[in-house]
Amino acid sequence: MKLATWNVNSVRIRAGLVADFLAREQPDLLLMQEIKCEDGQFPGEPFKDLGYHAAIVGQKSYNGVAVLSREPVEVRHRALPDQEHDGHARYIEVSFRDLTIGNLYLPNGNSGGDDGYRAKISWMENLRRHAAAMLDAEQDFILAGDYNVCPTDADFAKGALGADDALVRPETRAAFNALIWLGLTDAVRALHPNDPLYTFWDYQAGAWQRDRGLRIDHALLSPRVAERLVAVDIARAERDKPQPSDHVPVVVSIMD
DNA sequence: ATGACATTCAGCGAATGA
């Protein structure tokens, strides 16, 4: 089973690149974030032509998440539990075969002052609570997407972020570690413990050319799923394409 | 210290992002 997660930064602008990626990689599931459109504006046809179904939680202009799948999936949640009323389209959860798949776009936390940052931490605590509930229910799951967290100093290029950036603050990392310490596995770090690996490069200041990137897109696996992990790939080549997203796909392969 | 770049909605600039 092959799953990819990709913050596409507008699915309407990027529909061609996404279709090319699907045709080449043929993932069973593609989790997209920042689709930046309402459900009715979603460009489903190029994906349908490649045999993909779409489950969409959109909103006008900002945020928005969607799951493309080669098999029909059942939508379990259209918002993170306890986070339903914030008006942000940031979570969709589906059942795929024996797995529960959560696709998330976590708040950045740098805008909106203290309230904005508190909202990020609160979102992370709700995610931890939901993950704990799924573990209690003995569900096997993957929680993947744009976490907007650099878990350690190895996860961003020197000089790419300030020490008090919401992506690296101690409280942010503590909230991420609280997820890990439930027993979840960071798929990329499980197979590549030491490499500098990035999934995002800013459009500004030549960040891509200078490899000043961040690792903020993650796939966290519940214990029995982690035992089935066989490969991960960060599709860096997507960042070199014409009119790219600032994020690239993270691809995770799990034994069936 | 600042801006750099891209996207959306609007409408010839503002808001947001990480």
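In what follows, every chain begins at residue 1, and chains take the letters A, B, ... in the order their sequences are listed. Values below: all heavy atoms of this structure, side chains included; hydrogens, waters and symmetry mates excluded. All of these numbers come straight from a predicted model, not from anything done at the bench.
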With C1' as the reference atom in both, quote the distance from B:dA14 to B:dA1 in angstrom, rounded to an integer. 22 Å
Please work out if A:Asn7 contacts a base, only the sugar-phosphate, or nothing of the nucleic acid, heavy-atom cut-off 4.0 Å. sugar-phosphate
Given the C1' atoms of B:dA10 and B:dA15, what is the spacing between them in whole Å? 12 Å
With heavy atoms under 4.0 Å as the rule, sort A:Asn63 into base, sugar-phosphate or nothing. nothing
Examine distances only and state if a side-chain atom of A:Thr185 and a backbone atom of A:Ala187 form a donor-acceptor pair shorter than 3.5 Å. no
Are A:Asp98 and A:Arg224 within salt-bridge range, i.e. N to O under 4.0 Å? no
Do the side chain of A:Arg215 and the main chain of A:Ala154 share a donor and acceptor less than 3.5 angstrom apart? no
Under a 4.0 Å heavy-atom criterion, DNA chain B is touched by chain A from B:dA4 to B:dA18
Are A:Asp28 and A:Lys2 close enough for a salt bridge, meaning some N to O gap below 4.0 Å? no
State whether A:Arg14 and A:Glu34 are salt-bridged, where the test is any N-O pair (Lys NZ or Arg NE/NH1/NH2 against Asp/Glu carboxylate O) under 4.0 Å. no
Comparing A:His88 with A:Gln243, nearest DNA chain B nucleotide closer to 5' gives the residue A:Gln243
Roughly how far apart, to the nearest Å, are B:dT2 and B:dG11 at atom P? 29 Å
Do A:Asp240 and A:Trp208 pair up side chain to side chain, a donor and an acceptor below 3.5 Å, judged on atom types alone? yes
Could you tell me whether A:Phe156 contacts a base, only the sugar-phosphate backbone, or nothing, with contacts defined as non-hydrogen atoms closer than 4.0 Å? nothing
What does A:Leu161 touch in the nucleic acid at a heavy-atom separation under 4.0 angstrom: a base, only the sugar-phosphate, or nothing? nothing
What contact category does A:Arg212 fall into here, base, sugar-phosphate, or nothing, at under 4.0 angstrom with non-hydrogen atoms? nothing
Salt bridge A:Asp211-A:Arg236, side-chain N to carboxylate O under 4.0 Å: yes
Let me spell it out: for each of A:Gly112 and A:Gln204, pick the nucleotide of DNA chain B with the closest heavy atom. Which residue's pick is nearer the 5' end? A:Gln204
Sugar-phosphate, base or nothing in reach of A:Asn108, heavy atoms under 4.0 Å: base
